[in-house]
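The next block holds one structure in the form of structure tokens; read it before the comments.
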2 protein chains.
Amino acid sequence: MKLEEELYELADLFKVFGDSTRLRILYALFEQEEYSVFGLSDTLQMTQSAISHQLKVLKQARLVKSRRDGKQIFYSLDDDHVRTIISMGREHIEE
Amino acid sequence: MKLEEELYELADLFKVFGDSTRLRILYALFEQEEYSVFGLSDTLQMTQSAISHQLKVLKQARLVKSRRDGKQIFYSLDDDHVRTIISMGREHIEE
DNA sequence: CAAACATATGAGCATTTGTTCATATGTTCA
DNA sequence: TGAACATATGAACAAATGCTCATATGTTTG
């Protein structure tokens, strides 16, 4: 990958982590394997639309994945990078 | 630290990584221990003002530190979290 | 098939963010 | 001390971002 390209992709990835709503969603998925969109909007006390928009961002960044079960769509963490990136961040701010 | 507070601090930290200019500055400091502000603006081909504004952001996030030597101020990475956070990000996008 | 339910999406709006421009602050040296 | 140099900073503006509202899409069930 070209450096120039890498820089933009990296920036885009970190932008995704740079919003407290999205972090809240990820934190929720640390504690409970799966959540439906309604489950998240209920837990986080935000509108279904706001959650759905943010899930789309998280999914495009491949931080969450989804599966459909009937009318519902369940979201879960896509891979372990989410955990490691966030825990590196926590180490930094907790110093 | 309260969860609420942690979320905002984490988001703020990741926001700092979420800009390609700031990443460029950090990358430059990976390759060369120290840079003056002019050195960075020359290397990255950006105005002194733009670099200076971004260095301020990086410094507030404790990602870089500075020391004065005469008229110049030299910036360097503040700690190793910068490297680890960025390398975790790289692992994710390179999959 | 129609109604009910779950989720996605586009437009609009307010807020945030990154750059530029002008200027201020701080340091050295003649 | 004053001129030259290096960096910092504030205001202004354009672009990006996150939420809301209205509505579209997709799925189940009577």
Side-chain angles (χ1 to χ4, degrees), chain A residues 4 7-29 32 34-78, chain B residues 4 7-29 32 34-78:
Chain A
E4 205 48 19
L7 285 165
Y8 283 107
E9 283 202 34
L10 255 190
D12 283 343
L13 174 64
F14 286 123
K15 269 179 206 160
V16 175
F17 286 99
D19 174 73
S20 62
T21 297
R22 287 189 292 267
L23 287 179
R24 249 182 274 272
I25 292 175
L26 296 175
Y27 269 54
L29 295 174
Q32 183 178 309
E34 273 191 334
Y35 265 105
S36 68
V37 178
F38 176 79
L40 282 168
S41 73
D42 186 49
T43 302
L44 307 182
Q45 288 292 95
M46 299 192 60
T47 66
Q48 174 268 319
S49 181
I51 295 292
S52 193
H53 278 294
Q54 298 304 353
L55 283 171
K56 184 177 189 177
V57 174
L58 288 166
K59 194 172 180 189
Q60 278 173 341
R62 305 193 340 274
L63 299 180
V64 303
K65 57 180 192 272
S66 62
R67 72 176 180 87
R68 181 179 277 280
D69 181 12
K71 283 180 265 190
Q72 301 184 83
I73 296 186
F74 288 94
Y75 283 85
S76 55
L77 298 178
D78 193 347
Chain B
E4 204 50 17
L7 285 165
Y8 282 108
E9 283 202 33
L10 255 190
D12 283 343
L13 174 64
F14 286 123
K15 267 179 209 160
V16 175
F17 286 99
D19 173 73
S20 62
T21 296
R22 287 189 293 266
L23 288 179
R24 249 181 275 271
I25 292 175
L26 296 175
Y27 269 55
L29 295 174
Q32 183 179 310
E34 274 192 333
Y35 265 105
S36 68
V37 178
F38 176 79
L40 282 168
S41 73
D42 185 50
T43 302
L44 307 181
Q45 287 292 94
M46 298 192 59
T47 66
Q48 174 268 321
S49 181
I51 295 291
S52 193
H53 277 295
Q54 298 304 354
L55 283 170
K56 185 176 188 178
V57 174
L58 288 166
K59 193 171 181 189
Q60 277 172 342
R62 305 195 337 277
L63 299 180
V64 303
K65 57 180 192 273
S66 63
R67 72 176 181 87
R68 180 181 277 280
D69 180 12
K71 283 180 264 191
Q72 302 183 83
I73 297 185
F74 288 95
Y75 283 84
S76 56
L77 299 178
D78 193 349

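Protein chains get the first letters and strands the later ones, always in sequence-line order, with residue 1 at the start of each. Only heavy atoms go into these numbers, but all of them, side chains included; no hydrogens, no water, no symmetry mates.
- Using modelled atom types, one side-chain atom of R22(B) and one backbone atom of V16(B) make a donor-acceptor pair closer than 3.5 Å.
- With rounding to whole Å, L23(A) atom CG is found 11 Å from dG18(D) atom P.
- Atom CZ of F38(B) has 12 or fewer neighbouring heavy atoms from other residues, nucleotides or ligands inside a 6.0 Å radius.
- The nearest whole Å value for the distance from the CD1 atom in I25(A) to the P atom in dG18(D) is 11 Å.
- OP1 or OP2 of dT9(D) lies within a sub-4.0 Å distance of a side-chain N or O belonging to K56(B).
- An OP1 or OP2 oxygen of dT7(D) is reached within less than 4.0 angstrom by no side-chain nitrogen or oxygen of Y35(B).
- Comparing G18(A) and S52(B) against DNA chain D, the residue whose closest nucleotide sits nearer the 5' end is S52(B).
- The CZ-C1' distance, from F74(A) to dA6(C), rounds to 10 Å in whole Å.
- Between the side chain of Q48(A) and the base of dA8(C), at least one donor-acceptor pair of N or O atoms lies under 3.5 Å.
- Closest contact between the side chain of I73(B) and the listed nucleotides dT7(D), dG26(C), dT7(C) involves dT7(D).
- Regarding contacts with the backbone of dT20(C), a side-chain N or O of T47(B) is found under 4.0 angstrom from either OP1 or OP2.
- Rounded to a whole Å, the CZ atom of R24(B) is 13 Å from the P atom of dG18(C).
- Judged by the 6.0 Å distance and 45° axis criteria, R68(A) is not positioned over the aromatic ring of Y75(A).
- Under 4.0 angstrom from either OP1 or OP2 of dT27(C) there lies at least one side-chain N or O belonging to R68(B).
- Spacing between atom NZ of K71(A) and atom C1' of dA4(C) amounts to 6 Å, rounded to whole angstrom units.
- Between Q54(B) and dT19(C) there is a side-chain polar atom (N or O) within less than 4.0 angstrom of OP1 or OP2.
- Applying the 3.5 Å distance criterion, the base of dT9(D) shares a donor-acceptor pair with the side chain of S49(B).
- The CG-P distance, from L40(A) to dA8(C), rounds to 11 Å in whole Å.
- Contact annotation: T21(A) reaches the phosphate of dC19(D) (side-chain N/O to OP1 or OP2, under 4.0 Å).
- At least one side-chain nitrogen or oxygen of K15(B) sits closer than 4.0 Å to the OP1 or OP2 atom of dT17(C).
- Rounding to whole angstrom units, CD of residue Q72(A) and P of dT28(D) are separated by 11 Å.
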**OP:** Show the numbers, then the answer: is there a side chain to side chain contact (heavy atoms under 4.5 Å, CB included) between L40(A) and L55(A)?
**Re:** CA-CA 10 Å; L40(A) 282 168; L55(A) 283 171; 4.0 Å; yes
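- Proximity of Y75(A) to the phosphate of dA6(C): no side-chain N or O atom is located under 4.0 Å from OP1 or OP2.
- Checked by distance alone, H53(B) brings a side-chain donor or acceptor within 3.5 Å of a matching partner on the base of dT20(C).
- Between the side chain of R67(A) and the backbone N or O of S76(A), no donor-acceptor pair lies under 3.5 Å.
- In this structure, M46(A) atom CE and dA8(C) atom P are separated by 15 Å, rounded to whole Å.
- D19(B) CG to F14(A) CZ: the interatomic distance, rounded to the nearest 0.5 Å, is 12.5 Å.
- Between R22(A) and dG18(D), a side-chain N or O to OP1/OP2 separation shorter than 4.0 Å is present.
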